[in-house]
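A short worksheet on the structure shown next.
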Amino acid sequence: MKHHLKRPSWYRLAALGLAAALCLGSPPVLALAGEEGEAPGGDSSSEFVGSNTLEEIFNYDDGNFPGGYVSGNDMHLADTSYAIPHWSPGYSDNNGVISTINSKNMVSLRADWQFEGNFSIEYMDQMTYTTLNIALKSGSTYCFFARVAHLTYNNGTQITFFPSNIDQTICATTKLSDSLLNGEQKLTVSYKASTSTLTINFGGTECSYQTPHGDEEKATLSIMGACSWPKSNHDSLDRVYSVGGTFSSTKYTHYQPQFVSTELLDEDGNTMTDAEKMALQDGDVVTVRSTVKNNHPE
């Protein structure tokens, strides 16, 4: 993180760097993906380390959905108003729309964390499916891929984990009441590092899955809305059906940061000597690099 020096006092800048590492520019729950120490289990902490601002944490990818948007903490990810041919050859007779929010930085799989929001997944029987997908992907590996959805296979409304976005082998599934559709429900996505387990709770019903990719250290978190319906049914839809929601927060649930070391770097990224630190003048640009470990007592 770069700072313009206001006065020739490098030790004041180092102190600023300690605060900035948590509070500025890089959202803590994502920027600290490489922190030392492994967070133990549990669901609470004495400190809030995270963000409640969507655009600090996520970028929006409009996919093939021109009506999608993010505004403040609100996200509109899919709806049936656009008669757009489905992107998959397997659904050539269908319309389909899809868009996604992706974490700007990778999240840690060595610390417990939680995503919370309120989401609506709308559906009627003239549609093929409507789904809110939750994915954690490291490179080309899906550590987790789940659908909170009404699907035309696997008995309708459900939370289901799959090996990937294309492999439909069921890893874990929980039936959802149809009454949870077409109205806003609380969504909580919780990760437990000690067991490499992701739990999704939608409207009070939850499903958990332990990934076989426990050796992965971090992954990109994506929340995706998608819906599809037969082209022949487009005029039969009695209204616009949509997938979207409002972000509440993303946070570490067991995290107390302890700074291990702090370095000042010059413009070339080299560690500054004591003589170089003492010679800093107003307007000089330096980078503060801090190493942080999880020091939660449990």
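This chain uses plain numbering: 1 for the first residue, then up along the sequence.
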>> Minimum heavy-atom separation for H213 and C143, please, with both atom names.
In response: CD2-CA, 4.1 Å

> With a cut-off of 6.0 Å (strictly less than), are more than 12 heavy atoms of other residues, nucleotides or ligands near NZ of K186?
Replying inline: no

>> As an exercise, state the distance from OG1 of T130 to CG of L181, rounded to the nearest 0.5 Å.
In response: 7.5 Å

>> Testing the 3.5 Å rule here: is there a donor-acceptor pair between the side chains of D62 and S99?
In response: no

>> Before you tell me yes or no, could you show the steps for F119 and V148 under side-chain contact (heavy atoms from CB on, under 4.5 Å), namely the whole-Å CA-CA distance, both residues' side-chain angles and the distance that decides it to 0.1 Å?
In response: CA-CA 10 Å; F119 284 81; V148 183; over 6 Å; no

> In terms of ring plane angle, is the pair Y209 and F144 parallel, tilted or perpendicular, where the classes change at 30° and 60°?
Replying inline: perpendicular

> Distance-only, no hydrogens or angles: does the S164 side chain make a donor-acceptor pair with backbone N or O of D167 under 3.5 Å?
Replying inline: yes

> Does the side chain of T131 pick up a donor-acceptor pair with the side chain of N133 at under 3.5 Å?
Replying inline: yes

> Which atom names give the shortest non-hydrogen contact between T220 and M106, and what distance separates them?
Replying inline: OG1-CG, 3.8 Å

> Taking only residues two or more places apart in sequence, or in another chain, which ones meet F202 in a ring pair (Phe, Tyr, Trp, His ring centres under 6.0 Å)?
Replying inline: none

> Do you know which two heavy atoms are closest between P230 and T128, and how far apart they sit?
Replying inline: CD-OG1, 3.4 Å

> How would you list, by chain and number, every residue that makes a ring pair (Phe, Tyr, Trp, His ring centres under 6.0 Å) with Y129, sequence neighbours excluded?
Replying inline: Y91

> So, T271 versus E263: side-chain donor-acceptor pair below 3.5 Å or not?
Replying inline: yes

>> Quick check: closest heavy atoms across W229 and M127, and the distance to 0.1 Å?
In response: CB-CA, 3.9 Å

> Out of curiosity, T197 OG1 to Q210 CD, how far, rounded to the nearest 0.5 Å?
Replying inline: 4.5 Å

>> So, taking the atom named CD in Q158 and the one named OG1 in T205, what distance separates them when rounded to the nearest 0.5 Å?
In response: 12.5 Å

> Minimum heavy-atom separation for I101 to Y60, with atom names?
Replying inline: CG2-CD1, 4.0 Å

> Is there a donor-acceptor contact under 3.5 Å linking the side chains of D178 and T157?
Replying inline: yes

> Taking a hydrophobic cluster as the set of Ile, Leu, Val, Met, Phe, Trp and Tyr residues connected by side-chain heavy atoms closer than 4.5 Å, whether directly or through intermediates, do V240 and V97 fall within one such cluster?
Replying inline: no

> Looking just at side-chain N and O atoms, do T188 and S190 make a donor-acceptor pair shorter than 3.5 Å?
Replying inline: no

> Quick one: are the ring centres of F115 and Y191 less than 6.0 Å apart?
Replying inline: no

>> Please give me the minimum heavy-atom distance between S228 and N95, naming the atom from each residue.
In response: OG-O, 2.8 Å

>> Once rounded to the nearest 0.5 Å, what's the spacing between atom CG of L132 and atom CD1 of I223?
In response: 6.5 Å

